[in-house]
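Reviewing the structure listed below.
Treat the numbers as computed from the prediction; the structure is a model and nothing was measured.
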Amino acid sequence: MLLLLLGIIVLHVAVLVLLFVSTIVSHWLKGNGYSTDLWQNCSTSSSGNIQHCFSSSANEWLQSVQATMILSVIFSVLSLFLFFCQLFTLTKGGRFYITGVFQILAGLCVMSAAAIYTVRHTEWHVNSDYSYGFSYILAWVAFPLALLSGVVYVILRKRE
């Protein structure tokens, strides 16, 4: 039972790390000495040093991506906190429904953010010089892991 709890916690922390990195790091879109994330656009020199960074545009779709990524981090942190609270207060045989629901919400939020970013960011649709950055890919990896973690929490029963 202890190994199962440890595995669940490791999976949850891995999802949290993926969500934090994909929200913060500036590599959602890259190409032609240019990289962008949810917060700023940066141009880089040929040696890889960042030269100029400026704030991202105030498009409504970008603000919705920012909001849903922040919500996914908040839901996942809240889910981990609730898991530890329920671990000590839940009666024997009880299920971790609240924890699972918040983790599933985190997964749905990150999926929504990545899907909106995919549809609305048109640079790579027109020009093949642009490509997905690793933060964008990490967001898509965090989506199924968060859903898996949420389902495991819903199925999990508390034992002694």
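Taken from CZ in Phe20 to OG in Ser135, the straight-line distance is 14.0 Å, to the nearest 0.5 Å. Here Ile104 contributes atom CD1 and Cys109 contributes atom SG; the two are 12.0 Å apart, rounded to the nearest 0.5 Å. Taken to the nearest 0.5 Å, the OG atom of Ser76 stands 11.0 Å off from the CD1 atom of Ile74. In this structure, CG on Leu108 lies 11.0 Å from OG1 on Thr68, to the nearest 0.5 angstrom. In this structure, Ile155 CD1 and Tyr97 OH are separated by 10.0 Å, a value rounded to the nearest 0.5 Å. Taken from CG in Leu11 to CG in Leu6, the straight-line distance is 11.5 Å, to the nearest 0.5 Å.
Cluster membership check: Ile9 does not share its hydrophobic cluster with Phe81, using side-chain heavy-atom separations under 4.5 Å among Ile, Leu, Val, Met, Phe, Trp and Tyr. Both Trp140 and Leu145 are assigned to one and the same hydrophobic cluster, defined by single-linkage of ILVMFWY side chains at heavy-atom distances under 4.5 Å. Follow the hydrophobic side-chain contacts under 4.5 Å out from Val151 and you never reach Val101; the two are in separate clusters. Side-chain heavy atoms closer than 4.5 Å link hydrophobic residues (I, L, V, M, F, W, Y) into clusters, and following such links, even through other members, never connects Leu71 to Val65. Hydrophobic clustering keeps Leu156 apart from Phe102 (ILVMFWY residues linked when any side-chain heavy atoms are closer than 4.5 Å, directly or through intermediates).
Across all their heavy atoms, Leu82 and Thr99 have their closest contact at C-OG1, 3.6 Å. Taking all atoms of both residues into account, the shortest heavy-atom contact from Phe143 to Val110 is CA-CG1, 3.7 Å. When every heavy atom of Leu19 is checked against every heavy atom of Met69, the shortest pair comes out as O-CE, 4.3 Å. When all heavy atoms of Pro144 and Val141 are compared, the closest pair comes out as CD-O, 3.2 Å.
Annotation: side chain of Gln103 is not in contact with side chain of Phe83 (no heavy-atom distance under 4.5 Å). Within the 4.5 Å cutoff, the side chain of Phe96 has no heavy atoms near those of the Val154 side chain. In this structure, Arg95 and Tyr153 have side chains that are not in contact, with every pair of non-hydrogen atoms separated by 4.5 Å or more. You'll find the side chain of Leu138 stays beyond 4.5 Å of the side chain of Val25, heavy atoms only.
Within 6.0 Å of the CD1 atom in Ile98, the count of heavy atoms belonging to other residues, nucleotides or ligands does not exceed 12.
The main-chain N or O of Ala146 is never found under 3.5 Å from a side-chain atom of Ser149 such that the two would form a donor-acceptor pair.
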